[in-house]
There are 2 protein chains.
Amino acid sequence: MTTRPGRGRPKASDGADRRTALVDAARRLFAERGFAATSVRAVAREAGVDAALVSHYFGDKQGLLVATMALPVDPAARIREVLDGGRDGLGERLVRTFTETWDPHEDVIAALLRTAMTGDPEQAPALQLARAVLVVGVREQLQGPDADGRAALVAAQVVGLAVTRYVARLPHVRDLTPGDLARVYGPAVQALVDGN
Amino acid sequence: MTTRPGRGRPKASDGADRRTALVDAARRLFAERGFAATSVRAVAREAGVDAALVSHYFGDKQGLLVATMALPVDPAARIREVLDGGRDGLGERLVRTFTETWDPHEDVIAALLRTAMTGDPEQAPALQLARAVLVVGVREQLQGPDADGRAALVAAQVVGLAVTRYVARLPHVRDLTPGDLARVYGPAVQALVDGN
DNA sequence: GCCTATATTCAACGCATGATGAATATCTCG
DNA sequence: CGAGATATTCATCATGCGTTGAATATAGGC
């Protein structure tokens, strides 16, 4: 049986972790419909659990959002890693590293992107951070005219890749392997790094 | 006076078009908070009007969304126009034309992008259309290996530009003129068009 | 084996929502 | 001027929301 009706603590043999079930369901629904359009009750229903559990575990709906947004990887560290390699081949390394580290968590990434675009701007500090690290990190590597603009546009390329691959799930962008993407998209990024 | 209390049709001298006031307010709020998070009442309040007017003019909330999404320009026509110029300088022309035709309507574009990412997939047929036209149109111009992937990635670049310029309002991307963007970002797009 | 902490459900709260229908004021056309 | 069409507000509806507090069942330490 998958349902466990009646109140009280479940028997240990039931083994189902309802807390993570809630986070998983919330991730799915938030990514699918957005934060505001997803009701706590819908998440609870999806998780096969009472809605009051959300208050119990996460305080309120926003707490559930925060739990949903917890990234399993530290984006800033990866970015710095890539930047340490220097200007040469930066484009390919950026594309390859990002897709490789994001692919296993594409639902989280999609949720992040969606709520970053939809919700209150400050509600997604993870994005603010990633943006700051990416843009200023890349900026430091660049020389020549329009360096500020070029660095920002590298971020635009990365955002475009993420949005089309994980959110819009555009054919071909969705299907290519990180290696293929690095090979095909990398030079276009490198064009901005080099400045023509 | 800006308020006009009491029921009944307003005197002609009041001149305020409440219908467009509603659409304007809705555009602003939908773009700012997203569709689901914006209440009909909030839109009406912002427009200085009773919420029932939404039902009267647009049927329901979704009708208001549709009215909000009405694009003042035909995107497909512009895309085809650009593509007619051939492969040479396609990147620059794409960037310049898109930013030039979108800039005057950036709030609509932002709203479109947001609800395209958040809402029901079929709720944004304009995007589906633009995508189809852009990707297959560009694809037809390309030769060489990975043509499918490269065409899709051009779309990714365009999406990235639009998202960072109109939604995230990323510094530098937000500030550059269409001409500067064409000059700086165009070559990166062209790199995909040419295939290295 | 009791006692407390924890997990879970249930019932209920007040509130905001989207929508409807009637009421009223003005416009337009004959 | 009179008749309908149109624009607008008001009062009201049922519904679903997020949250709370109490009730109940199990787990784990003494």
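The sequence lines fix the lettering, A, B, ..., with proteins before strands; numbering per chain opens at 1. Atom set for the values below is all heavy atoms of this structure, side chains included, hydrogens, waters and symmetry mates excluded.
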Does A:Arg18 have a side-chain nitrogen or oxygen under 4.0 Å from the phosphate oxygens OP1 or OP2 of C:dA7?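 No.
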
Below the 4.0 Å mark, does D:dT6 have OP1 or OP2 next to a side-chain nitrogen or oxygen of B:Tyr57?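 Result: no.
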
Acceptor/donor pairs from residues 36-44 of chain A side chains to any protein atom, 3.5 angstrom cut, sequence neighbours excluded:
{"unit_1": "A:Thr38", "atom_1": "OG1", "unit_2": "A:Leu29", "atom_2": "O", "d": "3.4"}
{"unit_1": "A:Thr38", "atom_1": "OG1", "unit_2": "A:Gly34", "atom_2": "O", "d": "2.7"}
{"unit_1": "A:Ser39", "atom_1": "OG", "unit_2": "A:Ala42", "atom_2": "N", "d": "2.9"}

With a 3.5 Å cut-off and sequence neighbours excluded, list the donor-acceptor pairs that the side chains of residues 133-142 of chain A form with protein atoms.
{"unit_1": "A:Arg139", "atom_1": "NE", "unit_2": "A:Asp148", "atom_2": "OD1", "d": "2.5"}
{"unit_1": "A:Gln141", "atom_1": "NE2", "unit_2": "A:Leu83", "atom_2": "O", "d": "3.3"}

Any salt bridge between B:Glu100 and B:Arg78, counting N to O under 4.0 Å?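 Salt bridge flag = no for B:Arg78 with B:Glu100.
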
Can B:Arg7 and B:Asp50 be counted as an ion pair, charged N to O under 4.0 angstrom?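 Not counted as a salt bridge, because no side-chain N and carboxylate O are separated by less than 4.0 Å.
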
Could you state the [atom1]-[atom2] distance from [X] to [N], rounded to the nearest angstrom?
{"X": "B:Asp17", "N": "D:dT6", "atom1": "CG", "atom2": "P", "result": "16 Å"}
{"X": "B:Gln62", "N": "C:dT17", "atom1": "CD", "atom2": "P", "result": "18 Å"}
{"X": "A:Leu53", "N": "C:dA7", "atom1": "CG", "atom2": "P", "result": "9 Å"}
{"X": "A:His56", "N": "C:dT8", "atom1": "NE2", "atom2": "P", "result": "7 Å"}
{"X": "A:Asp50", "N": "D:dG21", "atom1": "CG", "atom2": "C1'", "result": "13 Å"}
{"X": "A:Asp60", "N": "C:dC15", "atom1": "CG", "atom2": "P", "result": "18 Å"}

Going by side chain to side chain donor-acceptor pair (under 3.5 Å), name the residues that satisfy it together with B:Arg87, two or more places apart in sequence or in a different chain.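 Partners of B:Arg87 under the side chain to side chain donor-acceptor pair (under 3.5 Å) test: none.
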
Report yes or no: do B:Asp180 and B:Tyr185 form a side-chain donor-acceptor pair below 3.5 Å?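 No - no donor-acceptor pair under 3.5 Å links their side chains.
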
What distance separates B:Arg150 CZ from B:Gln157 CD, expressed to the nearest 0.5 Å?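 If we round to the nearest 0.5 Å, B:Arg150:CZ and B:Gln157:CD are 11.5 Å apart.
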
Tell me, please, which residues at least two apart from A:Phe98 pass ring pair (Phe, Tyr, Trp, His ring centres under 6.0 Å).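 Residues passing ring pair (Phe, Tyr, Trp, His ring centres under 6.0 Å) with A:Phe98: A:Trp102.
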
Stepwise side chain to side chain contact (heavy atoms under 4.5 Å, CB included) check, A:Leu90 with A:Val189: CA-CA 8 Å; A:Leu90 217 199; A:Val189 178; over 6 Å; no

Kindly give the atom pairs (protein nitrogen or oxygen, nucleotide nitrogen or oxygen) under 3.5 Å for nucleotides 27-30 of chain D.
{"unit_1": "D:dA27", "atom_1": "OP1", "unit_2": "A:Ala12", "atom_2": "N", "d": "2.5"}
{"unit_1": "D:dA27", "atom_1": "O4'", "unit_2": "A:Arg9", "atom_2": "NE", "d": "3.3"}

Show the distances under 3.5 angstrom between N or O atoms of the protein and N or O atoms of nucleotides 13-17 of chain D.
{"unit_1": "D:dC17", "atom_1": "OP1", "unit_2": "A:Ser39", "atom_2": "OG", "d": "3.0"}

Please evaluate the base of C:dA23 for a donor-acceptor partner in the side chain of B:Arg7 within a cut-off of under 3.5 Å?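 For B:Arg7, whose side chain was compared with the base of C:dA23, there is a donor-acceptor pair (under 3.5 Å).
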
